[in-house]
Amino acid sequence: MTALVLLDHEEGRIRQAALSAVTAATKLGDVHVLVAGADAVAQEAAKIAGVSKVLHAVDARYAHELAEPLAALIVSLAGGYDHIVAAAGAVGKNVLPRAAALLDVQPIPDVISIVEADTFVRPIYAGNALATVKSSDSKKVLTVRSSAFDAAAAEGGSASVEVVAPVESPEVSKFESVHLSESERPELESARVVVSGGRGLQSEEKFHILDPLADTLGAAIGASRAAVDSGFVPNDYQVGQTGKIVAPDLYLAFGISGAIQHLAGMKDSRVIVAVNKDPEAPIFQVADYGIVGDLFEIVPQLTEELK
Amino acid sequence: MKIVVPVKRVVDYNIKPRVKADGSGVETAGVKMSMNPFDEIAVEEAIRLKEKGVATEVVVVSIGVQQAQDTLRTAMAMGADRAILVLSEESPEPLAVAKVLKAIVAKEEPGLVILGKQAIDDDMNATGQMLAGLLGWGQGTFAGKVEVADGSVRVSREIDGGTEDVSLTLPAIITADLRLNEPRYASLPNIMKARKKPLETLNAADLGVDMTPRLTIVSVAEPPQRQAGVKVGSVGELVEKLRNEAKVI
Ligand SMILES: Cc1cc2nc3c(=O)[nH]c(=O)nc-3n(C[C@H](O)[C@H](O)[C@H](O)COP(=O)(O)OP(=O)(O)OC[C@H]3O[C@@H](n4cnc5c(N)ncnc54)[C@H](O)[C@@H]3O)c2cc1C
Ligand SMILES: Nc1ncnc2c1ncn2[C@@H]1O[C@H](COP(=O)(O)O)[C@@H](O)[C@H]1O
């Protein structure tokens, strides 16, 4: 059996989460990857351990990974594959369900475990339940959570690269522009340590109190929905049911109450630390270590101690 | 331009879901049900487009059990003009829902369909994309901002690294993300008025759609529970524990 993995990328680099999708796919059989646009990415993809073939779609229409042309392309290639896989990120979630509909398949999003070639475990209800589902479709279309599969090694493979011809699709969408939040920090989904802030950080300006701590720990910065909605940080910092799902070795939550929608995004972290002035905050029910107190006193102290 | 908004009745987001003892699913009997929060945002966006004079009519659709009419009434109390209930089992799969919606679109001929990005029960995040595929329309998913200009719609989308703007030819599909707007509450007089607004009931079979699920639920289980840990008295103690007990720094 062979699986096709849609390898998404950003600014000319393979997204770390896509490497986890490769690992998941190796559990299903031989792995081919599809790279849309970005020449350098196709070359990089050929080196991923466990990949035997890279399909490279070079036409301009694929440059921005728009769903309409990309789904049509996947459908044209699908004949040779039993599984079509992508990371459960913004690209995979946008493109794969569309391709699945065109293939008359019910997609299986957010897979965290592969039981058999047709049976998968996925969280439902914000991770408050785990459903094991068996698909009767002849092809399986799935997105996988990077928090549940280790990333495949970026080096070590030597796959062949095959250029695939563009296919017709309705010309109904146009890429206009992209605004990426600038950050030198590690990708949130794959960082070993995540420092997260909530409404308790009070303002965009005060949120920066977390920067030196994150620098010291080499951590990514995350946030609750309340912090994003209040404009303290950009939308892509949101951790939770409808934001990013993370499972770092260490997750530090400051001024976050611990609503189920937030817990859904971080409760599989190995060690959780919570700092909250309210001793009853639900975040303490999942925290390995908690401090009841004012984060504006604790964060600078902690940064000092760790230096 | 007409706007169709599909709305789903789900377990209220404030309720902690409980897995049934026999592992067949999540308990919904006797549990408070509400409109999927993302669908409230979708309804709000459609109503605002009507208030701006961009849309002429807002039609809400739900596919589900008879009680889903409460959800449709709520949407009409917010300002939707009329409703369609397509009777089916509780929580049909996105593929089947997308096929039903395609049939509704064929009848209603809307210029936009605005869905929620995700239903908070099955967490599929798929129906809008699937409907767009079946119709061959453009899709603006995870929308944080929507601007309709003549013949097209510009959508700012929330993506992994920030935001992305796309423009789509109308008719098109949009799925609403959390920050698209803040939905209004229905006022009491509007709740009363909504009772008199038209609500049509259909069967999935009337629309020629096969609702048979493709995914069989083998089991539904509770996730492993985390044990609450300890509260420490000082930053020094925390650092000591992280270094020597948890060994994560
Ligand atoms: C459909 C839907 C989807 C959602 N998706 C998500 C999601 O993906 N991610 C997410 O995070 N949320 C999500 N939410 C929102 C979620 O329900 C909560 O509203 C949100 O997580 C609350 O954020 P918070 O903990 O920062 O704010 P609050 O709940 O307001 O908590 C702030 C906390 O800070 C503490 N605090 C204040 N000042 C200090 C101080 N000086 N020192 C220490 N502690 C302090 C307070 O005691 C309090 O516990 C979603 C909600 C819905 C309806
Ligand atoms: N049974 C349903 N009835 C009406 N709308 C639905 C239904 N299921 C899904 N939807 C719509 O599709 C969106 C995404 O749902 P899902 O793909 O299940 O996460 C929801 O926010 C609704 O707008």
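Below, chain A is the first sequence line, B the second, and so on; all start at residue 1.
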At a 4.5 Å cut-off on heavy atoms, which part of [X] comes close to chain B: side chain, backbone, both, or neither?
X: A:Pro107; result: both
X: A:Ala71; result: neither
X: A:Gln241; result: both
X: A:Glu68; result: side chain
X: A:Glu171; result: backbone
X: A:Arg270; result: both
X: A:Pro170; result: side chain
X: A:Val273; result: side chain
X: A:Asp288; result: both
X: A:Leu96; result: neither
X: A:Gln238; result: side chain

Measure distances from [X] to the heavy atoms of chain A and classify the residue's part below 4.5 Å as side chain, backbone, both or neither.
X: B:Leu135; value: neither
X: B:Lys20; value: neither
X: B:Ala98; value: neither
X: B:Gln139; value: both
X: B:Tyr13; value: both
X: B:Thr127; value: neither
X: B:Val239; value: side chain
X: B:Leu178; value: both
X: B:Gln225; value: neither
X: B:Val11; value: side chain
X: B:Val230; value: both

request  = Inspect the surroundings of CZ in B:Arg18 and state if more than 12 heavy atoms from other residues, nucleotides or ligands are less than 6.0 Å away.
outcome  = no
message = How about NZ on A:Lys139, more than 12 heavy atoms from neighbouring residues, nucleotides or ligands closer than 6.0 Å, or not?
response = yes
Nearest heavy-atom neighbours spanning [X] and [Y]:
X: A:Tyr125; Y: B:Thr28; value: OH-CG2, 4.0 Å
X: A:Arg98; Y: B:Trp137; value: NH1-O, 2.7 Å
X: B:Leu242; Y: A:Tyr289; value: CD2-CD1, 3.8 Å

Determine the option with the most heavy-atom pairs under 4.5 angstrom with chain A, choosing from [options].
options: B:Glu164, B:Arg243, B:Met130; value: B:Met130
options: B:Leu134, B:Val232, B:Thr141, B:Val153; value: B:Val232
options: B:Lys16, B:Arg157, B:Glu237; value: B:Arg157
options: B:Ser167, B:Ala172, B:Gly25, B:Gly133; value: B:Ser167
options: B:Ala126, B:Ser219, B:Gly144; value: B:Ser219
options: B:Ser152, B:Ala246, B:Pro213; value: B:Ala246

Using a cut-off of under 4.5 Å on heavy-atom pairs, state which of [options] scores highest against chain B.
options: A:Asn128, A:Ile298, A:Val178; value: A:Asn128
options: A:Glu10, A:Glu11, A:Glu304; value: A:Glu10
options: A:Asn94, A:Ile124, A:Val75, A:Leu66; value: A:Asn94

Going from [atom1] on [X] to [atom2] on [Y], what distance comes out if it is rounded to the nearest 0.5 angstrom?
X: B:Leu215; Y: A:Phe120; atom1: CG; atom2: CZ; result: 9.5 Å
X: A:Leu103; Y: B:Leu95; atom1: CG; atom2: CG; result: 10.5 Å
X: B:Leu238; Y: A:Leu306; atom1: CG; atom2: CG; result: 8.0 Å
X: A:Thr143; Y: B:Met124; atom1: OG1; atom2: CE; result: 10.0 Å
X: B:Ile217; Y: A:Lys134; atom1: CD1; atom2: NZ; result: 14.0 Å
X: A:Leu188; Y: B:Asp160; atom1: CG; atom2: CG; result: 10.0 Å

Quick check against the 3.5 Å criterion: does [X] have a side-chain atom that pairs as donor or acceptor with the backbone of [Y]?
X: B:Asp123; Y: A:Ala126; result: yes
X: A:Ser181; Y: B:Gly161; result: yes
X: B:Gln129; Y: A:Lys93; result: yes
X: A:Asn235; Y: B:Gly162; result: yes
X: B:Arg226; Y: A:Val286; result: yes

ask   = Is B:Arg214 salt-bridged to A:Asp104, going by a charged N under 4.0 Å from an acidic O?
value = yes
ask   = Do the non-hydrogen side-chain atoms of B:Pro223 and A:Lys267 ever get within less than 4.5 Å of each other?
value = yes
key: Heavy-atom side-chain proximity of A:Leu130 to B:Pro224 below 4.5 angstrom   = yes
query = Could you walk me through whether A:Arg225 and B:Arg179 pass the side chain to side chain contact (heavy atoms under 4.5 Å, CB included) check?
reply = CA-CA 10 Å; A:Arg225 174 189 173 186; B:Arg179 282 164 282 277; 4.1 Å; yes
